[in-house]
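Here's the structure we're looking at; comments come further down.
Sequential numbering from 1 along the given sequence is applied to the chain's residues.
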Amino acid sequence: MQPEAKEPEGDSVWEEPPSVLWGLDPMFNAFNRLYVKDILQMRESCLVSGIYFYNSHPIFKVDVLGTVVYKREREDFFCYGAGARSFGSSARGDFNPANELKKLRQAQHSSSHLEIGELLRVRGPVKTSRQQREIMASTYYKVSDPVMAVQISWMMEVPQLYRQCYDKPFQLDSSAQNPNIQGGSASYLLGRATHILKDFLKEKEVTRFRPSDVQDLLQRLVSRQPQKTASEQEPEAGPSSGPPTSFKQLGELLQKSLQILQDEGLVFRKVKSQDEVYHVTERDKDLLMAVRDILLEDCRREKYAEKGCHILHVLSSVRQRYSRNVSKAALELVLKALECNSDIISTSDSHYTIH
């Protein structure tokens, strides 16, 4: 049974996102597997016709699987789409192109001609015509599903998509909606900043650094942005050599970029203190040695002798013996580096032993 579709938000608590931000939502360019009820109830954009909103997500293309309950065929608009089909040359004398073409047309008609009760999959943009919501099919075909395998798979996947994507409103932080940000997108600026920091780690081959060591690298990104006038700027305490808004934006950009590097496991803070020191994961010799020693010691135990140690066991040991701030993503990079150096080997999925 399909879960009941959500009712759209009330007008009093919903505001249409600016069109310049729609492209930041992954759902905007995707064929979204929405329930028909939700397609019918989606709000249409006040700015652009053909764009609709579900939970503030901008949508114009959908992917639907359903049973045919009504059909209307007319020669002036009913058309058939032919899929690709390979032909091989034949040296047989009985090869008849006319017969082969006839078979192809029959197969095409069989796959696209639909009867009441048959299973249909449709992909295409949504439009409203004469106050009726329709899907303009860019692709459609009859689905053969004698044991209902396709429908069962669909009914398992769609609720997950709703929980993980569709039912989570499209949200951006305040900086992403700042019109002063380059290209109207904070995501673009953050992506550029993260790329600059990654290049710094790669080219300089540093083992550790502080935010002050890399702050100037991002200064040019912020300096390109139009600044607020003096009356618009918020007063900030402490000395500065530039506009307060610029320094505040630079600090936020730096912190978010460093957080992304931590989330990806590229850097970590061995000790969290006021002195922010970031260690580069793959160049921290003490961390690599600690992981290797843990595997060397624990794999001697009978419990881990055959299969090796699971990554979560190694992670727990590293946090106890070396640093509680080592993430799983950082550990995965260390294990990969050790395996590339033939110091350890992976015995199975997520299990490692000493070489």
Side-chain angles (χ1 to χ4, degrees), residues 1-9 25-44 50-75 77-88 100-129 131-170 348-350:
M1 177 180 292
Q2 295 181 349
E4 184 176 351
K6 293 182 61 176
E7 293 292 336
E9 311 96 324
D25 191 331
M27 290 176 60
F28 182 63
N29 290 312
F31 286 94
N32 299 282
R33 298 185 179 186
L34 296 174
Y35 296 128
V36 172
K37 180 179 180 181
D38 291 329
I39 296 175
L40 295 175
Q41 293 181 344
M42 291 191 302
R43 292 183 177 86
E44 187 168 10
I51 303 296
Y52 302 84
F53 291 95
Y54 178 82
N55 253 354
S56 299
H57 294 287
I59 290 172
F60 74 98
K61 297 186 295 186
V62 294
D63 187 352
V64 174
L65 180 74
T67 303
V68 178
V69 296
Y70 168 81
K71 71 171 187 175
R72 182 162 56 99
E73 301 176 355
R74 282 178 20 198
E75 293 183 358
F77 68 87
F78 189 86
C79 59
Y80 297 96
R85 180 164 178 165
S86 60
F87 284 88
E100 294 299 321
L101 181 59
K102 182 178 180 181
K103 293 178 182 178
L104 176 61
R105 287 174 174 170
Q106 290 175 345
Q108 173 187 327
H109 182 273
S110 176
S111 63
S112 59
H113 186 75
L114 301 164
E115 300 294 343
I116 301 297
E118 291 182 324
L119 192 63
L120 168 69
R121 184 170 182 178
V122 180
R123 305 181 80 185
V126 181
K127 64 169 268 187
T128 301
S129 176
Q131 298 183 339
Q132 289 190 349
R133 197 68 52 86
E134 300 175 347
I135 301 174
M136 301 297 294
S138 56
T139 303
Y140 79 98
Y141 56 90
K142 180 168 60 179
V143 178
S144 177
D145 191 25
V147 295
M148 299 187 69
V150 175
Q151 296 175 74
I152 292 173
S153 175
W154 187 277
M155 287 188 288
M156 293 178 66
E157 292 175 2
V158 172
Q160 292 183 8
L161 289 172
Y162 268 81
R163 286 191 296 268
Q164 297 173 5
C165 303
Y166 305 155
D167 284 344
K168 293 183 178 180
F170 175 41
S348 63
D349 185 29
S350 300

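Across all their heavy atoms, Y140 and V122 have their closest contact at CB-CG2, 4.1 Å. Taking both residues in full, the closest heavy atoms of G124 and S138 are given as CA-OG, 3.6 Å, listed atom of the first, atom of the second, then distance. For P58 against D25, the heavy-atom pair with the smallest separation is CD-OD2, 3.3 Å. Shortest non-hydrogen contact noted between K168 and Q164 is CD-O, 3.5 Å. Shortest non-hydrogen contact noted between P159 and Y35 is CG-OH, 3.7 Å.
Rounding to the nearest 0.5 angstrom, the gap separating the CG atom in L34 from the CD atom in Q41 is 11.5 Å. One finds the CZ atom of R121 at 5.0 Å from the CZ atom of R33 (value rounded to the nearest 0.5 Å).
Side-chain atoms of S153 and E157 form a donor-acceptor pair, as typed in the model, at a separation below 3.5 Å.
In terms of modelled atom types and a separation under 3.5 Å, the side chain of N29 and the main chain of M27 share no donor-acceptor contact. Judged by distance alone, with hydrogens and angles left aside, the side-chain atoms of T128 form no donor-acceptor pair with the main-chain N or O of R133 at under 3.5 Å. Judged by distance alone, with hydrogens and angles left aside, the side-chain atoms of E134 form no donor-acceptor pair with the main-chain N or O of V126 at under 3.5 Å. A donor-acceptor contact shorter than 3.5 Å is absent between the side chain of D145 and the backbone of L119. With H57 contributing its side chain and Y52 its backbone, the two residues share no donor-acceptor pair below 3.5 Å. Between the side chain of N55 and the backbone N or O of D167, at least one donor-acceptor pair lies under 3.5 Å.
Using bins of under 30°, 30° to 60° and over 60° for the plane-to-plane angle, the ring pair Y54/Y166 lands in the perpendicular bin.
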How far apart are the C-alpha atoms of N32 and F60, what are their side-chain angles, what is the distance that settles it, and do they pass the side chain to side chain contact (heavy atoms under 4.5 Å, CB included) test? CA-CA 9 Å; N32 299 282; F60 74 98; over 6 Å; no
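Among the candidates I135, V64, L65, the single residue satisfying the side chain to side chain contact (heavy atoms under 4.5 Å, CB included) test with V36 is V64.
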